[in-house]
Structure formats: structure tokens, C-alpha cells
Asks: 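Quick one: structure below, then a few questions.
No hydrogens, no waters, no symmetry mates; every other heavy atom, side chains included, goes into these values. Throughout, a chain's letter reflects where its sequence line sits, starting with A, and its residues are numbered from 1.
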Number of protein chains: 2
Amino acid sequence: MSAAREETGTETLTAPAEDYLKAIYAIGKGSGPAATNEIAQRLAIAPASVSGMVRRLADQGLLAYERYHGVKLTESGRRAALRTLRRHRVIEAYLSQALGYPWDRVHHEAERLEHAASDELVDRMAATIGEPEVDPHGAPIPTRDGSVDETEYLSLAQLAVGSAGVVVRVSDEDPEMLRYLAELSILPGKKVTVKSRAPYDGPITLSVGRQELSIGPSLAANVLIAPLADRGGGRG
Amino acid sequence: MSAAREETGTETLTAPAEDYLKAIYAIGKGSGPAATNEIAQRLAIAPASVSGMVRRLADQGLLAYERYHGVKLTESGRRAALRTLRRHRVIEAYLSQALGYPWDRVHHEAERLEHAASDELVDRMAATIGEPEVDPHGAPIPTRDGSVDETEYLSLAQLAVGSAGVVVRVSDEDPEMLRYLAELSILPGKKVTVKSRAPYDGPITLSVGRQELSIGPSLAANVLIAPLADRGGGRG
DNA sequence: CCAGAAAGTTAGGTCATACTAACTTATTTT
DNA sequence: AAAATAAGTTAGTATGACCTAACTTTCTGG
């Protein structure tokens with residue numbers, strides 16, 4: 001019955017509200033539904049708090065909400081989420097390219113700046129570093145007018161034994177993991193080949209450049225791959 | 001009797017708290033007392049709201065507060081204010097020099113970023129543009145360790161007829177005024193000479209470069225001057 | 001030196017955002 | 001399909017930061 005309630009147009013969003021929309025976007029991959037508990041977990045707040053906020057966002061026409069059945073972004077909610085995502089990723093790219101900010105810390109800094117930076121600033125940043133299409137971790141940057149590349153990739157954990165691929169993206173939140181990946185030189189753009197995978201979620205052996213190395217599956221799940229011409233298919 | 005109450009160390013400050021400290025610093029020129037009403041006016045909030053916040057800041061050891069008698073910054077409050085001021089001015093300088101941000105809008109953008117940017121970011125910005133000593137409006141940038149040039153200057157409205165001086169600083173808040181000053185080429189670094197001043201707060205005639213022009217006293221009050229070798233002294 | 005004005009405070013209210021505890025709805029399992 | 005579990009919601013509370021209205025304190029000028 002209910003859904004978007006009042007639909008009040010374009011007020012400016014608070015920082016928490018932007019964070020909710022980003023989280024909901026991430027959970028639903030842009031269009032799918034998001035569960036209260038999952039939102040709560042992503043934002044590290046209590047599920048009860050989510051109920052309240054979700055109601056407010058629905059009142060502003062940003063979410064479609066049915067009690068006890070999670071939320072989806074409305075068109076305007078999706079636009080707001082992508083605006084924030086663009087800010088975040090442009091800022092990350094700018095910090096990294098223009099200020100030599102270390103790879104593993106740009107995410108944290110961008111998390112705070114994305115709520116304060118104006119569109120004008122973000123556009124100037126993007127222009128200054130040549131309108132980047134991805135952030136330093138390989139995540140695609142939404143355009144000004146709200147479109148994104150939503151291609152889905154396999155994770156390194158899913159890549160078949162014997163297959164090769166190019167790293168397109170790594171998860172950006174954990175600095176420690178990022179430092180480790182950099183150390184292994186598992187970075188966007190690098191070519192990797194899966195050599196073997198031990199059973200029962202065991203380690204995955206792969207080659208990167210001329211190195212051979214072995215990583216656990218939960219690390220591998222954080223590395224997204226564009227497969228190359230293949231002789232294995234699907235899962236190994 | 002009362003004063004700083006609990007003295008809890010270094011919690012992180014909220015954006016409003018930082019704005020209060022900046023305002024109090026500006027009013028007291030770093031060390032003097034600030035009146036409730038003046039704080040309220042600067043921040044465009046009701047005086048009653050100031051009483052509440054001032055109490056909270058005093059509880060945190062940032063202000064010395066005596067009921068009915070205004071506030072002063074404590075040493076730790078002064079440090080916090082200067083930290084924010086440094087952020088603000090480094091950001092202004094960086095936006096202007098590194099991103100070609102227009103003169104009249106850097107203040108507004110910096111007002112929001114100053115609360116979100118980390119010290120590391122601010123230091124990187126400063127380093128990137130060569131450790132500037134003043135912001136684009138000529139205001140001195142506090143150093144990392146919390147010292148500032150607190151030299152006081154005459155305003156153009158006070159400069160004696162016949163005297164010359166170099167513009168060191170203009171007030172940064174009003175974009176329209178900044179555009180007008182730029183149009184008149186009254187900018188930091190420019191040499192000006194006061195030619196005449198009409199009585200009863202009348203217009204001030206001056207020369208800037210090879211131009212001769214005339215401005216009102218309230219505009220002139222927003223332009224700070226370092227006097228040059230002089231034949232007039234004091235007020236005309 | 002006292003009355004009125006100015007300055008500052010308290011009282012009481014609102015809103016956004018969070019919390020915990022208790023309850024309801026939905027799903028799963030047997 | 002009832003019981004157990006998981007998911008989600010309401011109720012009630014807290015905090016920060018603001019508001020207006022009413023009150024108190026301080027200052028000032030005759």
C-alpha cells in the first residue's frame with residue numbers, strides 16, 4: 001500500500017541520508033531491494049534505527065518502502081545515490097592522482113568529503129585529472145547525468161582454474177587488505193591466471209606477471225576480474 | 001567562579017562547535033572576550049542558542065565562561081580554532097591555485113570542506129601549492145603548530161589622505177563585494193594612494209595603478225592596508 | 001542611583017539521528 | 001500447520017543543535 005509518501009522535491013540531503021542511499025544502492029546493485037538488517041550492518045547501526053530513517057527517506061520520495069519488506073530506491077533516490085557515488089569516486093581519484101594520497105586511505109578521506117564537496121568542485125576535480133572513468137580501486141565513476149557502467153564481473157574466487165583475466169576492481173574499504181593486495185601486485189589492470197584451487201574453500205594459486213602466489217578465498221572474493229579468452233568456463 | 005568545567009581532552013569537534021570557535025576567535029582577535037550577541041550574529045543564530053552551546057564548549061574545556069559575561073577561548077580552544085582556520089585558509093588557497101576556483105566562491109566551499117578534511121589532506125594541499133602563507137584574500141594561514149601572524153592593519157577607510165599603502169587583505173565572505181573589488185583591481189599586493197576623503201562618511205578617492213576611483217567608506221573598511229612611507233600619518 | 005534598555009539566560013519545544021527493550025510479522029523447520 | 005527462529009517494527013529514551021517566549025542580570029543615562 002504505502003510507498004513513497006510525500007514527494008517533496010529536492011531538499012538537500014544530510015550526510016547520514018546520503019550514506020543510507022549509498023548503502024541501499026550497493027546492496028540492491030542499483031535497482032534491487034535492500035533488507036533492513038543489511039542496511040543496518042553496512043552502516044554499523046542498529047536495525048531499529050534503520051526503520052526510522054527509511055520512513056523519513058520514503059517520505060521524501062527517495063525510497064519505495066513497504067513495512068516488513070525492505071526498500072527499493074525510487075528514481076530520485078537512485079539519482080541521489082549516484083550523485084554521492086560520483087562524488088566519492090571522483091574525490092578518491094583526485095586525491096590519488098593529484099595529491100599523491102596513498103591508495104589505502106583515499107576511501108576513508110572521501111567518505112567524509114563526499115558530503116561536503118559541491119558538484120562544482122567535484123566537476124573541477126574530474127576535469128583536472130582528465131575525466132577519469134574509474135576510481136583508484138577500479139570502480140566506475142557515474143557521469144554527471146547519472147549513468148554508470150553496471151557490468152558485473154566474476155570475482156577471482158569464481159574464476160575457473162586455468163582461466164586468465166584482468167583485474168578490474170578491488171574492494172576499497174579495508175586499508176590493510178589494500179596494502180596486502182598491492183604487495184602481491186594484485187591491482188586493477190594486472191593480468192592473473194588461476195593455476196589451482198584447493199577443495200573445501202582452500203587457497204587459490206595464481207600467477208600475476210611472473211610471480212606465482214596463493215591467496216585465500218575470502219580475499220579472492222574481493223577482487224573482480226574481466227575474463228580473457230578462456231579454456232575452462234564457469235567454475236572450475 | 002565557573003570557567004572551564006570538565007576538561008575532557010581531545011574529542012573530535014562537531015562542525016557547529018568548530019564554527020563557534022572560529023567566530024569567537026575572530027571576535028576576540030585570538031585572545032579577547034566575545035559577547036553572546038556577537039557570536040549569535042556572526043553565526044546567524046538566536047542568542048539563546050549560543051548560551052547552550054557555549055556551556056557545552058566550556059564543559060569540554062574549550063572556553064572560559066562566566067554567566068552574563070561572555071566567553072574567552074582557553075588555550076585548547078584557541079588551538080582548535082586555529083586548526084580550523086588553517087584548514088579553511090589552506091583549502092581556499094588550494095582551490096584557487098590548484099583548481100582555478102573563482103575568487104569569490106572559495107570561501108563558501110571552504111566553509112564546508114574545513115569540517116571534513118583531515119589534517120593530512122590539508123597538509124598535502126599546502127605542500128602541493130608550496131606552503132602558502134596567506135589565503136587568496138590575503139589572510140594569514142596558521143602553521144601546523146598553531147602560530148599565526150596577528151599583525152593588525154589599518155583599513156583603507158582609516159588611511160590618511162595623501163598616504164599610500166599596499167593592500168594586504170580583503171574581507172572574504174561576500175562574493176559580490178569580492179567581484180566588485182576585483183573589478184576595481186583592489187586586490188592583495190596592489191598599491192593604493194588615498195587622494196581625498198569627503199566629509200560625513202563620504203566617498204574616498206584613491207588611485208590604484210594608473211586608475212583613479214572612488215569608493216564608499218563601508219567598502220573601504222573591508223580592505224586592509226600596510227602603509228608605505230608616508231606623508232600624512234594617522235587619520236586625515 | 002534608579003529606571004529603562006540592552007544583553008544574556010532559562011524554560012520548554014522541535015527535529016534528526018541514534019539507542020535498547022519489547023513486540024509483531026515473516027520464514028523456516030520439523 | 002504449529003513451533004521456533006529470523007527479520008522488522010514500535011515505544012520510549014538520549015543527545016546535539018536549534019527555536020521562541022519569558023525571565024534575569026548588567027549597563028547606561030538622566
Asks: Where the side chain of A:I45 is defined as all heavy atoms beyond and including C-beta, which of C:dC19, C:dG8, D:dT26 is the nearest nucleotide?
Replies: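 Out of C:dC19, C:dG8, D:dT26, the nucleotide with an atom closest to A:I45's side chain is C:dC19.
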Asks: Measure the distance from CZ on B:R55 to P on C:dA11 and round it to the nearest whole Å.
Replies: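 It is 10 Å, rounded to the nearest whole Å.
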Asks: Starting the side chain at C-beta, find the nucleotide from C:dA7, D:dT26, C:dA16 nearest to B:N37.
Replies: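 For the B:N37 side chain, the nearest candidate turns out to be C:dA7.
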Asks: For the side chain of A:S51, starting at C-beta, report the closest nucleotide among D:dC19, C:dA16, D:dG8.
Replies: D:dG8
Asks: Whole angstrom is fine here: how far is it from CZ in B:R42 over to P in D:dC18?
Replies: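 For the pair B:R42 CZ and D:dC18 P, the rounded distance is 17 Å.
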Asks: Would you indicate what A:T36 reaches in the nucleic acid, counting non-hydrogen atoms under 4.0 angstrom: base, sugar-phosphate, or nothing?
Replies: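 Sugar-phosphate: the residue A:T36, judged by heavy atoms under 4.0 Å, touches backbone atoms but no base.
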Asks: Counting only side-chain heavy atoms from C-beta out, which of D:dT10, C:dA26, C:dT20 sits nearest to A:Y68?
Replies: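 For A:Y68, the side-chain atoms sit closest to C:dA26.
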Asks: Is there a donor-acceptor pair closer than 3.5 Å between any side-chain N or O of A:T74 and the backbone N or O of A:L62?
Replies: yes
Asks: With the side chain of B:P16 defined as its heavy atoms from C-beta on, choose the nearest nucleotide among D:dA17, D:dG8, C:dT17.
Replies: D:dA17
Asks: Provide, to the nearest angstrom, the distance between the OH atom belonging to A:Y20 and the P atom belonging to C:dA18.
Replies: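 Those two atoms, OH and P, are 4 Å apart.
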Asks: Within this structure, what is the NE2-to-C1' distance between B:H69 and C:dA7, rounded to whole angstrom?
Replies: 11 Å
Asks: In whole angstrom, what separates A:D59's CG from C:dA16's C1'?
Replies: 13 Å
Asks: Tell me: CD of A:Q41 to P of C:dA18, nearest whole Å?
Replies: 16 Å
Asks: Please determine, for the side chain of B:M53, which listed nucleotide (C:dA16, D:dT9, D:dA17) has the closest atom?
Replies: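 Closest nucleotide to the B:M53 side chain: D:dA17.
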Asks: Without decimals, in angstroms, what is the distance between B:L43 CG and D:dC18 P?
Replies: 8 Å
Asks: Roughly how far, to the nearest 0.5 Å, is the OH atom of A:Y25 from the OG1 atom of A:T84?
Replies: 11.5 Å
Asks: Applying a 4.0 Å non-hydrogen cut-off, can you work out what B:S49 is touching in the nucleic acid: base, sugar-phosphate, or nothing?
Replies: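 The answer is base, as B:S49 lies within the cut-off (heavy atoms under 4.0 Å) of a base atom.
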Asks: Are A:Y20 and A:I45 close enough that some pair of their side-chain heavy atoms sits under 4.5 Å apart?
Replies: yes
Asks: Are B:E120 and B:R124 close enough, and set up right, to give a salt bridge (charged side-chain N to carboxylate O under 4.0 Å, His left out), and what steps lead you there?
Replies: CA-CA 6 Å; B:E120 166 161 13; B:R124 274 177 194 271; 3.1 Å; yes
Asks: With a 4.0 Å cutoff (strictly under), does any side-chain N or O of A:R67 reach OP1 or OP2 of C:dT25?
Replies: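 Result: no.
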Asks: Looking across every strand, which nucleic acid part, if any, lies under 4.0 Å from B:A48 by heavy atom: base, sugar-phosphate, or nothing?
Replies: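 Base: the residue B:A48, judged by heavy atoms under 4.0 Å, touches a nucleobase.
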Asks: Please give, in whole Å, the distance from C:dG8 C1' to B:I27 CD1?
Replies: 14 Å
Asks: Please identify which of these residues, A:E109, A:R105, A:R112, meets the side chain to side chain contact (heavy atoms under 4.5 Å, CB included) condition with B:L121.
Replies: A:E109
